[in-house]
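Here's the structure we're looking at; comments come further down.
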2 protein chains.
Amino acid sequence: MTLDVVARHAGVSLATASRALNGTTRVRDELRERVRAAADLLGYIPNAHAQALASSSSNTVGLICHDVGDPYFAAIADGVMRAAAEQDVLVMLASTFREPAREIEYVSILRAQRARAILLIGSGFQDRTWERALSAELDPYIRAGGRVAVVSRHRSVRADAVLPENRAGAAALARALLALGHRRFAVLSGPPELTTVADRLAGFREGLAEAGITLDRDCVVEGAFTRDGGYAAARELLARRARPTCVFGVTDVMAVGALAAFREAGIDVPADISLAGFDDIPLVRELTPPLTTVALPLTEMGQHAISLALREPHGQRSRVLRVGGEVVVRASTGPPPPDGTTNSGAGKGI
Amino acid sequence: MTLDVVARHAGVSLATASRALNGTTRVRDELRERVRAAADLLGYIPNAHAQALASSSSNTVGLICHDVGDPYFAAIADGVMRAAAEQDVLVMLASTFREPAREIEYVSILRAQRARAILLIGSGFQDRTWERALSAELDPYIRAGGRVAVVSRHRSVRADAVLPENRAGAAALARALLALGHRRFAVLSGPPELTTVADRLAGFREGLAEAGITLDRDCVVEGAFTRDGGYAAARELLARRARPTCVFGVTDVMAVGALAAFREAGIDVPADISLAGFDDIPLVRELTPPLTTVALPLTEMGQHAISLALREPHGQRSRVLRVGGEVVVRASTGPPPPDGTTNSGAGKGI
DNA sequence: GCGCTTTCAGAAAGCGCTTTCTGGTAAGGT
DNA sequence: ACCTTACCAGAAAGCGCTTTCTGAAAGCGC
């Protein structure tokens with residue numbers, strides 16, 4: 001079913017049929033109706049590829065995230081979908097499974113698809129070669145009129161950005177934890193090459209520094225940016241000598257894993273150890289105890305990203321939107337245990 | 001940057017350049033290399049729209065789900081993305097926000113995009129008009145060679161399907177709960193027009209019936225298929241006279257809300273009330289207590305869906321894959337309280 | 001009533017590819 | 001040496017639209 005059949009059926013020319021359906025130019029109302037009726041009758045479905053080709057424009061945007069299954073990305077993706085539905089754009093989804101190379105590959109694919117915008121969600125990697133390769137894809141895309149927006153990632157290219165207050169948020173969290181009386185901290189950190197990790201760590205250190213506390217090497221355990229990564233990191237932490245009274249998981253997802261590890265080890269949160277996260281993914285409210293964290297408006301972040309990218313006047317300069325960073329204190333944090341030696345093994349609770 | 005520039009640059013014809021890059025036909029190795037080199041040098045990116053138009057084929061599939069932010073759909077989407085990456089297809093994501101009409105609209109959009117397959121994830125609605133309208137979109141699509149796969153939904157059209165053992169699973173769950181000694185049950189049900197709800201309810205009733213127990217009207221509370229829906233339903237349940245010793249949330253997500261409501265009401269799970277869900281979304285393992293549920297291989301379901309849809313010999317008949325249905329007993333269920341009158345208010349613990 | 005602008009419809013030229021069809025050349029058979 | 005196959009490269013015809021350009025008809029002031 002092509003447009004010219006519809007046109008013939010309606011007794012008008014191909015050009016008129018096109019205009020009638022797209023409403024781009026004035027067409028006599030009677031003709032427009034005739035075309036519409038014919039299209040309906042014939043069950044005409046336009047060919048988006050032909051449209052895109054002829055008009056050299058499309059209304060798809062690409063969404064690249066590290067892992068759709070992760071609640072953090074799922075929440076952002078949800079926001080993107082909402083905004084996309086409003087703006088009548090179609091979203092092409094790409095999940096890199098946390099492999100940097102895949103991200104570059106997907107940018108290339110989305111370029112081929114002539115996506116109107118590409119959204120990069122989540123931390124970038126601190127890796128010169130990777131950055132260069134990514135820019136090599138992104139730069140020509142932008143030069144050709146493509147829009148790029150990043151969420152929670154430093155702008156390596158001329159892109160609009162939605163940036164969480166990673167540093168300030170982590171610092172504020174540190175202050176809040178200090179205020180509870182904690183002095184011995186540990187951090188469950190993610191892959192150090194992720195900029196988000198670096199920022200949050202730096203912020204946390206900054207906050208601690210105000211109280212004259214420094215975090216030594218030993219107190220930072222690295223793990224994957226996943227629930228299991230947090231779990232493993234927490235186990236490793238417990239295996240070390242000095243036990244902290246307060247643990248900061250650089251993402252909520254990691255903190256969730258840590259909570260499980262603590263429970264398994266018979267450590268009570270927050271009586272024995274206080275635990276805090278970052279992101280405020282919906283699930284942390286359901287935990288026992290609910291997690292203290294730094295809140296990010298995840299869904300809004302997704303909405304903003306796509307809106308920024310699609311906003312009309314591209315403007316030569318990129319826009320930056322800073323969001324979140326509020327500390328939300330919940331029951332997973334409390335004062336440190338009386339003597340701070342509630343160590344090893346048994347514990348109470350389950 | 002178009003192919004003919006590349007061709008000229010490589011000193012070959014447009015046709016040869018096309019063949020060289022797509023490797024579809026034999027081209028002298030030397031020429032192929034020359035074309036590749038030229039393409040690289042010029043930073044050539046093919047135009048997927050032109051390719052699709054010329055070849056009348058594309059390698060995109062559409063994924064329609066009710067809500068990407070929901071962990072259930074996120075897990076399935078994750079599976080879809082994995083399989084898609086393997087098969088080199090691009091996924092267009094659509095989220096209906098649980099509005100039936102949107103689903104139909106998206107099918108139409110995906111038809112215009114000439115998606116190779118359309119994946120419908122999640123329960124359908126029991127609504128004659130809606131079904132008819134959906135079929136009106138799907139049928140011509142299929143007739144035109146499009147593939148449709150549904151996950152967790154009755155096949156209203158000639159589509160491949162990945163079907164959870166909703167009925168058998170719920171029945172098995174009922175048996176397991178009966179075995180614990182429960183006799184007074186309640187169900188937190190979703191919107192009754194969702195087929196999934198109907199199936200699970202029927203299965204649960206079936207299981208109970210084997211012990212001669214019937215579920216009266218009063219014991220089934222309906223709520224939205226969300227965490228908050230479960231929360232609200234649980235509250236409503238508590239407000240009613242007779243209190244059950246065991247509650248079945250037809251989805252884990254609803255059960256999560258119910259758990260929160262119970263906790264708020266000072267009801268201990270499982271000491272006062274046992275609680276079970278369905279789906280086994282990852283998050284339920286993190287709860288306190290972790291939820292007893294009926295497990296579904298969510299990620300695999302997504303993978304299967306896309307594989308089924310893309311499998312070569314379309315076969316005139318549709319394929320059905322039944323999955324899941326195993327009861328996973330965790331700590332949220334236990335024997336009923338001694339006298340079954342641990343009612344109202346106070347309770348213990350938080 | 002005459003030239004003017006204005007409005008709307010059609011013809012036709014692409015958009016950037018794939019693919020069929022045709023032709024040329026080298027290899028193989030006799 | 002001649003004809004057949006086989007293989008590879010080029011010409012050209014679309015794929016299904018949008019959009020520019022052109023033209024016809026109608027509205028308007030004088």
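Every value quoted in this text rests on a predicted model; they were computed, and no experiment measured them. Residue numbers begin at 1 in each chain, while the letters A, B, ... track the order of the sequences.
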| request: Check the pair B:Asp67 / B:Arg98 against salt bridge (Lys or Arg N to Asp or Glu O under 4.0 Å), numbers first and verdict last. | output: CA-CA 7 Å; B:Asp67 177 3; B:Arg98 305 181 190 278; 3.6 Å; yes
| field | Comparing B:Leu53 and B:Gly11 on DNA chain D - which has the more 5′ nearest nucleotide | value |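 In this pair, the answer is B:Gly11.
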| message | Heavy-atom nearest nucleotide on DNA chain D for B:Ser55 versus B:Arg19: which residue maps closer to 5'? | response |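 Closer to the 5' end of DNA chain D: B:Arg19.
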| Nearest 0.5 Å, what's the CD-OG distance between A:Gln113 and A:Ser108? | 10.5 Å
| message | Determine whether B:Arg34 and B:Glu30 satisfy the following criterion, salt bridge (Lys or Arg N to Asp or Glu O under 4.0 Å), listing intermediate values before the conclusion. | response | CA-CA 6 Å; B:Arg34 244 162 59 200; B:Glu30 178 224 337; 2.8 Å; yes
| task | Could you check whether A:Ser56 gets within reach of a base, just the sugar-phosphate, or nothing at all, counting any heavy atom under 4.0 Å? | result |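 No contact.
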| query | Which of these, B:Tyr106, B:Tyr72, B:Phe125, sits in a ring pair (Phe, Tyr, Trp, His ring centres under 6.0 Å) with B:His66? | reply |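 Result: among B:Tyr106, B:Tyr72, B:Phe125, B:Phe125 is the only option passing the ring pair (Phe, Tyr, Trp, His ring centres under 6.0 Å) with B:His66.
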| field | Strand DNA chain D as a dot-bracket string - pairs counted if Watson-Crick or G-U with both distances under 3.5 Å, | where the partner lies in another strand | value | ||||||||||||||||||||||||||||||
| query | Between the main-chain N or O of B:Gly122 and the side-chain N or O of B:Arg153, is there a donor-acceptor pair closer than 3.5 Å? | reply |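 Present.
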| task | Look only at the side chain of B:Arg19 and the backbone of B:Thr25, and say whether a donor-acceptor pair between them is shorter than 3.5 Å. | result | no
| request: Begin with the C-alpha distance, continue with both residues' side-chain angles, and end with the deciding distance and a verdict on salt bridge (Lys or Arg N to Asp or Glu O under 4.0 Å) for A:Arg128 and A:Glu131. | output: CA-CA 5 Å; A:Arg128 235 45 202 123; A:Glu131 277 176 8; 2.5 Å; yes
| field | CA sep, side-chain torsions, deciding dist, call: B:Arg82, B:Asp78, salt bridge (Lys or Arg N to Asp or Glu O under 4.0 Å) | value | CA-CA 6 Å; B:Arg82 278 171 208 283; B:Asp78 184 57; 3.1 Å; yes
| message | What is the first contacted nucleotide of DNA chain C and what is the last, in 5' to 3' order, if contact means an atom lying under 4.0 angstrom from a heavy atom of chain B? | response | C:dG16 to C:dT20
